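What you see is a predicted model; the values in this text were computed from it and never measured.
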Amino acid sequence: MSTLPASRPRTIRHRLVRALLDVAQERLAQEAGRPRQTVLRRSTSDAYYGVFHGLCYLAADGTVGWNVPWDRFEPIYRSIDHQETKRRLEANEIRNLHPDVKRISEIFRTLMKERHTADYDPRPFTRSKSEAALLVALAGEAIDLIESLPEETYRTLAVLLVAKPRRT
């Protein structure tokens, strides 16, 4: 039987996470009419990175906690890899933890695909201002979901993102 509370109010305390989304929104808001390609690309990329850093925070906070020296927090935070995180979030073991984890996984996958296009595709970027704003809003939804996960789900997800899966 678990002794963890069902849930707790939680705020991701690493300011980078929300700051990335804020900057993306500000960039889009400052552009009148059709924004420059760079603005659309950076906003899309920042939306993805906001969620990625949110998951890095979850992994470190959920395993060692936020109020520890950086030399304990940072190795866990930095151990999270983009492709490995995508692969793990697609695994049924993680997707079936909680409906919100499944939604976080879907958003992460969508944003990763869009970020790859924004960062690496040399062709003209076809996303509109409203589409880029929707991606930033999706990132905000994922961060909100991370912050509201039940405690046991939060900690279990943290461990599953960090721990090397055993082969049976």
Side-chain angles (χ1 to χ4, degrees), residues 1-25 41-120 134-168:
M1 176 177 249
S2 175
T3 59
L4 296 173
S7 64
R8 66 167 193 207
R10 178 185 303 106
T11 300
I12 293 176
R13 291 185 263 177
H14 192 1
R15 292 182 185 155
L16 173 66
V17 174
R18 291 279 183 190
L20 284 164
L21 303 187
D22 292 344
V23 168
Q25 289 173 329
R41 288 176 184 271
R42 287 304 320 145
S43 294
T44 298
S45 187
D46 286 350
Y48 166 79
Y49 277 107
V51 175
F52 178 73
H53 283 284
L55 290 168
C56 293
Y57 176 89
L58 177 149
D61 179 52
T63 55
V64 298
W66 171 254
N67 293 316
V68 297
W70 281 112
D71 64 344
R72 286 192 222 149
F73 188 85
E74 182 188 15
I76 303 298
Y77 190 100
R78 299 222 29 214
S79 72
I80 304 304
D81 173 77
H82 298 270
Q83 289 299 326
E84 184 63 19
T85 298
K86 177 181 177 259
R87 188 184 69 70
R88 289 183 184 194
L89 286 174
E90 290 173 344
N92 285 335
E93 180 181 18
I94 288 180
R95 288 174 61 87
N96 293 333
L97 279 175
H98 190 276
D100 290 348
V101 174
K102 183 177 181 182
R103 180 67 180 144
I104 293 164
S105 173
E106 292 164 354
I107 293 170
F108 184 80
R109 192 170 52 253
T110 297
L111 292 175
M112 179 181 253
K113 179 180 176 288
E114 293 293 335
R115 197 249 337 162
H116 276 273
T117 301
D119 288 353
Y120 302 117
L134 177 61
L135 294 172
V136 175
L138 277 176
E141 178 187 347
I143 299 306
D144 291 343
L145 291 170
I146 289 169
E147 290 179 333
S148 66
L149 286 173
E151 185 69 20
E152 191 162 334
T153 303
Y154 184 85
R155 293 198 183 278
T156 301
L157 179 56
V159 168
L160 291 173
L161 287 175
V162 172
K164 181 179 176 184
R166 292 192 63 161
R167 306 277 184 228
T168 54

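A 4.5 Å side-chain heavy-atom check between R42 and D119 finds at least one atom pair inside the cut-off. The shortest distance between side-chain heavy atoms of T44 and T117 does not fall below 4.5 Å. The shortest side-chain heavy-atom distance between L149 and L97 does not fall under the 4.5 Å cut-off. Proximity of E147 to T11: side-chain heavy atoms (C-beta onward) are separated by under 4.5 Å at one or more points. The side-chain heavy atoms of L16 and Y57, taken from C-beta on, include no pair separated by under 4.5 Å. Side-chain contact between L157 and I146: absent, with no pair of heavy atoms (C-beta onward) separated by less than 4.5 Å.
Put simply, OG1 on T110 and CG on L135 are 8.5 Å apart, with the number rounded to the nearest 0.5 Å. With rounding to the nearest 0.5 angstrom, the CD1 atom of I94 is 14.5 Å from the NZ atom of K102.
The salt bridge (charged side-chain N to carboxylate O under 4.0 Å, His left out) test with D144 singles out one residue from R103, R10, R18, and that residue is R18.
Relative orientation of the F52 and Y49 rings is perpendicular, given thresholds of 30° and 60° on the angle between their planes. In this structure, F73 and W70 have perpendicular ring planes: the angle between them is above 60°, well past the 30° mark. Ring pair H14/W66 is tilted by interplanar angle, where 30° to 60° counts as tilted.
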Please walk me through it: do H82 and F108 pass ring-ring contact (aromatic ring centres under 6.0 Å, His included)?
CA-CA 10 Å; H82 298 270; F108 184 80; 7.7 Å; no

What do the steps show when you test V51 against L20 for side-chain contact (heavy atoms from CB on, under 4.5 Å), and what is the final call?
CA-CA 9 Å; V51 175; L20 284 164; over 6 Å; no

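Not a single donor-acceptor pair under 3.5 Å links the side chain of S105 to the backbone N or O of V101. R115 contributes no side-chain N or O that, together with a main-chain N or O of S45, makes up a donor-acceptor pair within less than 3.5 Å.
Between R109 and E106 there is no salt bridge, since no side-chain nitrogen of the basic residue lies less than 4.0 Å from a carboxylate oxygen of the acidic one. No salt bridge links D81 with K86; every basic N to acidic carboxylate O contact stays at or beyond 4.0 Å. Salt bridge annotation for R88-E93: absent, with no cationic side-chain nitrogen under 4.0 angstrom from a carboxylate oxygen.
Contact record, S43 with A24: OG-O, 3.2 Å, taken as the closest heavy-atom pair.
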